[in-house]
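Reading through the structure tokens given below for one structure.
For reference, positions follow the sequence shown, starting with 1. FYI, side chains are in, hydrogens and waters are out, and symmetry mates aren't considered; it's all heavy atoms of this structure. These figures come from a predicted structure and were not determined experimentally. Read the numbers this way: they start at 1 and go in the same order the structure lists the ligands and their atoms.
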Amino acid sequence: MTTLLLAVPIAWAPLWTTPLSEIAPGLRVPVQGRDQYDPASVDYAFSFRPQPGFLKTLPNLKAVFSLGAGVDGFLADADYPRSVPLVRFVDRTLSREMAQYVVMHTLIHHRQQRFFERAQREMKWRQSIPPRRTEDTRIGILGLGEIGTLAGERLRDLDFQVAGWSQSRKNVKGIESFAGAAELNAFLARSDILICLLPLTGETRGILNKTLFAALPAGAFVINVARGGHLIERDLIEALDSGHLSGATLDVFQTEPLPETDPLWKHPKVTVTPHIAAISDPRVAAQYVYDRIVRHERGETLDNVVDFARGY
Ligand code: NAP
């Protein structure tokens with residue numbers, strides 16, 4: 001019998017074991033820390049942030065599945081057995097929720113919604129129009145991958161000027177493509193609203209820093225919806241306090257949950273959300289993993305496999 005080990009917090013395990021028992025009654029699904037299993041019998045593992053060193057204790061692993069789109073939690077494990085393919089979760093529903101979050105926070109900023117909320121609290125009839133026409137507002141998306149491309153297409157369809165930055169050159173209708181380190185500054189110089197949708201890798205860690213902020217136009221707005229490790233928080237606060245940046249929306253943080261003492265909570269120019277831009281649907285994820293196990297057992301090639309050299 002094929003065995004899929006679920007390495008997640010025990011209280012959350014039924015989110016995946018329940019749909020898996022319906023979809024795949026023939027699959028054995030022990031939960032790490034809850035159920036007895038022989039490590040040598042484990043064929044596949046399903047996790048998000050496994051304890052470092054844990055996966056290497058499973059000698060016969062054929063593949064590991066990530067519960068989320070980001071795989072930095074696995075790559076942080078120096079002992080991850082690199083010969084075992086790591087499959088990330090790529091799902092249109094997840095990308096759609098992410099794009100929705102990005103569009104919402106872009107529009108909240110563009111339409112000055114926080115200004116009107118303050119006016120309402122003071123019961124003041126303050127009329128104002130967006131300072132810049134939509135078609136003159138330049139959106140820059142760092143990371144034009146699965147999620148960045150969909151978010152860019154949605155914003156393009158709202159008539160914003162959209163560009164994306166990626167490793168390789170892209171050809172997406174109506175979205176200007178900038179590629180590689182050599183084109184980063186030109187991309188930043190034309191980004192009034194900068195949205196980070198990069199994976200967290202050795203190259204992108206800390207990319208949202210004072211040098212990058214200085215390269216943005218005065219008054220730029222930043223949305224980080226990728227990983228907290230992309231942002232140097234004190235650099236953001238300095239750029240906001242100096243007036244160079246007009247505001248930021250942050251969904252992800254270096255430390256999660258964000259500590260109560262963190263100045264971001266109360267910063268007047270910052271919107272904080274608790275890493276909820278999109279959450280993988282457990283039922284969809286269970287089906288996704290099972291489909292791939294079936295195909296892999298038939299000898300077919302796995303898709304969405306992480307390239308360890310690139311880090312995503
Ligand atoms: P993806 O499909 O792997 O796309 C990554 C993009 O970043 C690609 O376009 C890639 O370029 C580009 N890139 C990577 N390294 C780069 C570098 N050094 N320089 C320039 N471009 C680089 O990733 P995704 O699925 O869209 O996910 C994006 C992010 O969203 C991840 O950080 C993920 O963790 C995060 N996320 C957050 C939430 C949440 O709730 N907040 C939910 C889901 C995902 P190429 O295309 O040329 O390779």
Side-chain angles (χ1 to χ4, degrees), residues 47-49 65-76 86-105 140-155 162-172 175-188 191 194-209 212 215 222-231 248-254 256-258 271-282 284-285 288 303-312:
S47 188
F48 190 50
R49 291 185 193 284
F65 295 95
S66 167
L67 292 174
V71 291
D72 42 293
F74 294 88
L75 300 181
L86 172 60
V87 178
R88 69 188 199 97
F89 185 50
V90 177
D91 169 46
R92 180 75 181 180
T93 314
L94 182 82
S95 302
R96 187 194 63 201
E97 303 298 304
M98 289 289 283
Q100 208 172 70
Y101 179 99
V102 164
V103 168
M104 176 173 80
H105 286 278
I141 302 182
L142 286 166
L144 211 53
E146 295 289 338
I147 299 169
T149 302
L150 185 64
E153 289 170 338
R154 300 266 149 108
L155 290 164
V162 182
W165 182 68
S166 43
Q167 302 254 44
S168 54
R169 181 89 47 214
K170 305 290 176 190
N171 186 8
V172 184
I175 299 183
E176 193 179 355
S177 168
F178 291 80
E183 296 183 11
L184 178 61
N185 276 344
F187 162 81
L188 295 171
S191 296
L194 183 77
I195 299 160
C196 181
L197 275 165
L198 288 165
L200 185 62
T201 67
E203 285 183 24
T204 65
R205 183 175 292 280
I207 190 169
L208 301 176
N209 59 32
L212 177 141
V222 172
I223 298 176
N224 186 21
V225 74
R227 284 289 179 263
H230 288 122
L231 176 70
T249 290
L250 307 174
D251 185 52
V252 287
F253 303 90
Q254 293 271 4
E256 296 181 5
L258 186 63
T271 295
V272 166
T273 58
H275 201 147
I276 45 68
I279 293 172
S280 306
D281 180 332
V284 177
Y288 179 91
D303 58 353
N304 301 320
V305 173
V306 172
D307 177 338
F308 291 109
R310 288 194 318 183
Y312 64 99

Mind checking what makes salt bridge (charged side-chain N to carboxylate O under 4.0 Å, His left out) contact with D281, not counting sequence neighbours?
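Partners of D281 under the salt bridge (charged side-chain N to carboxylate O under 4.0 Å, His left out) test: none.
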Tell me whether S280 contacts the main-chain N or O of L67 through its side chain, where contact means a donor paired with an acceptor under 3.5 Å.
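Flag set: sc S280 to bb L67 pair under 3.5 Å.
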Show your working on side-chain contact (heavy atoms from CB on, under 4.5 Å) between I223 and D251 and close with a plain yes or no.
CA-CA 8 Å; I223 298 176; D251 185 52; over 6 Å; no
Sorted by first residue and then second, give each salt bridge (Lys or Arg N to Asp or Glu O under 4.0 Å) pair with at least one member in residues 140-149; sequence neighbours left out.
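Matches after skipping sequence neighbours: none remain.
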Taking atom CZ as the centre, does R205 end up with more than 12 heavy-atom neighbours from other residues, nucleotides or ligands that are less than 6.0 angstrom away?
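Atom CZ in R205 is not crowded, with 12 or fewer foreign heavy atoms closer than 6.0 Å.
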Please name all residues satisfying side chain to side chain contact (heavy atoms under 4.5 Å, CB included) with F253, sequence neighbours left out, ordered by chain then number.
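F253 satisfies side chain to side chain contact (heavy atoms under 4.5 Å, CB included) with L250, E256, L258, L264, V272 once adjacent residues are dropped.
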Those protein residues which place at least one heavy atom below 4.0 Å from ligand 1:
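The 4.0 Å shell around ligand 1 contains A69, G70, R88, M98, G143, L144, G145, E146, I147, W165, S166, Q167, S168, K170, L197, L198, P199, E203, T204, V225, A226, R227, D251, V252, H275, A277, A278, R310, Y312.
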